[in-house]
Participant: 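Would you mind keeping the following structure in view while I ask a few things?
Along the sequence shown, residues are numbered consecutively beginning with 1. Model, not experiment: these values are computed from the prediction.
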Amino acid sequence: MSKWIDIGYKWKTETAYRVREFLKENRIPFRMPFDEMFFRSMYHLPHRDHIWGIKVRKKDLACVLSMLAKEGFIHSPGSYRIY
């Protein structure tokens with residue numbers, strides 16, 4: 001069984017939706033609190049100032065951080081920021 005670990009980054013609603021879609025496109029399993037309830041459509045997102053974190057499998061963490069850095073969602077793996 002895989003252990004889920006928080007990425008360590010938090011994003012506002014619109015960016016969290018883009019990160020979520022990026023992970024889906026790359027077939028990386030992830031979890032978000034209440035993601036299916038709030039993120040059904042890009043046109044009906046929750047309040048734009050809400051902050052969201054994402055969890056991935058522990059074995060995928062290094063790969064996910066490098067992919068997110070390459071795509072510009074984070075500045076460098078290891079620093080904790082809200083985007």
Side-chain angles (χ1 to χ4, degrees):
M1 184 167 205
S2 297
K3 182 176 179 183
W4 295 91
I5 188 166
D6 189 61
I7 289 177
Y9 291 88
K10 306 289 183 191
W11 295 277
K12 291 191 177 184
T13 301
E14 184 178 330
T15 308
Y17 185 84
R18 291 181 18 226
V19 169
R20 182 179 178 266
E21 293 302 310
F22 175 75
L23 294 174
K24 276 185 179 181
E25 288 173 9
N26 289 291
R27 296 185 177 134
I28 297 174
F30 66 93
R31 290 188 178 170
M32 285 181 64
F34 310 112
D35 65 339
E36 295 303 322
M37 181 186 303
F38 292 121
F39 288 92
R40 291 186 183 254
S41 168
M42 187 173 94
Y43 302 107
H44 299 289
L45 294 175
H47 192 273
R48 65 186 178 126
D49 289 333
H50 285 184
I51 304 298
W52 304 90
I54 295 177
K55 292 183 178 187
V56 296
R57 295 182 300 190
K58 188 175 183 177
K59 65 181 181 179
D60 294 334
L61 182 62
C63 178
V64 168
L65 290 176
S66 66
M67 290 172 61
L68 291 175
K70 186 185 287 186
E71 290 294 317
F73 290 115
I74 61 176
H75 289 294
S76 64
S79 63
Y80 180 82
R81 297 203 176 135
I82 296 175
Y83 293 97

Participant: Quick check: closest heavy atoms across P29 and D60, and the distance to 0.1 Å?
Facilitator: CD-OD2, 4.0 Å

Participant: Could you pull out all residues at least two apart from I5 that satisfy side chain to side chain contact (heavy atoms under 4.5 Å, CB included)?
Facilitator: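 Once residues adjacent in sequence are excluded, the partners of I5 under the side chain to side chain contact (heavy atoms under 4.5 Å, CB included) criterion are K58, L61.
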
Participant: For F30 and K55, what are the C-alpha separation, side-chain angles and deciding distance, and is it a side-chain contact (heavy atoms from CB on, under 4.5 Å)?
Facilitator: CA-CA 6 Å; F30 66 93; K55 292 183 178 187; over 6 Å; no

Participant: Does the side chain of W52 come within less than 4.5 Å of K10's, by heavy atoms?
Facilitator: no

Participant: Closest heavy-atom contact between R20 and I54?
Facilitator: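 That closest heavy-atom pairing would be N-CD1, 4.5 Å.
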
Participant: At what distance, to the nearest 0.5 angstrom, does CG of N26 lie from CD of E71?
Facilitator: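 Output value for this atom pair is 7.5 Å.
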
Participant: Could you go step by step and tell me if I7 and V19 meet the side-chain contact (heavy atoms from CB on, under 4.5 Å) rule?
Facilitator: CA-CA 12 Å; I7 289 177; V19 169; 5.6 Å; no

Participant: State whether the side chain of W11 and the backbone N or O of R18 hold a donor-acceptor pair below 3.5 Å, judged by distance alone.
Facilitator: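 Checked: no pair found.
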
Participant: Hey, could you give me the CG/NZ distance between L65 and K70, rounded to the nearest 0.5 Å?
Facilitator: 13.5 Å

Participant: Is W4 reachable from I28 through a run of I, L, V, M, F, W or Y residues, each pair having side-chain heavy atoms under 4.5 Å apart?
Facilitator: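 Shared cluster, no.
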
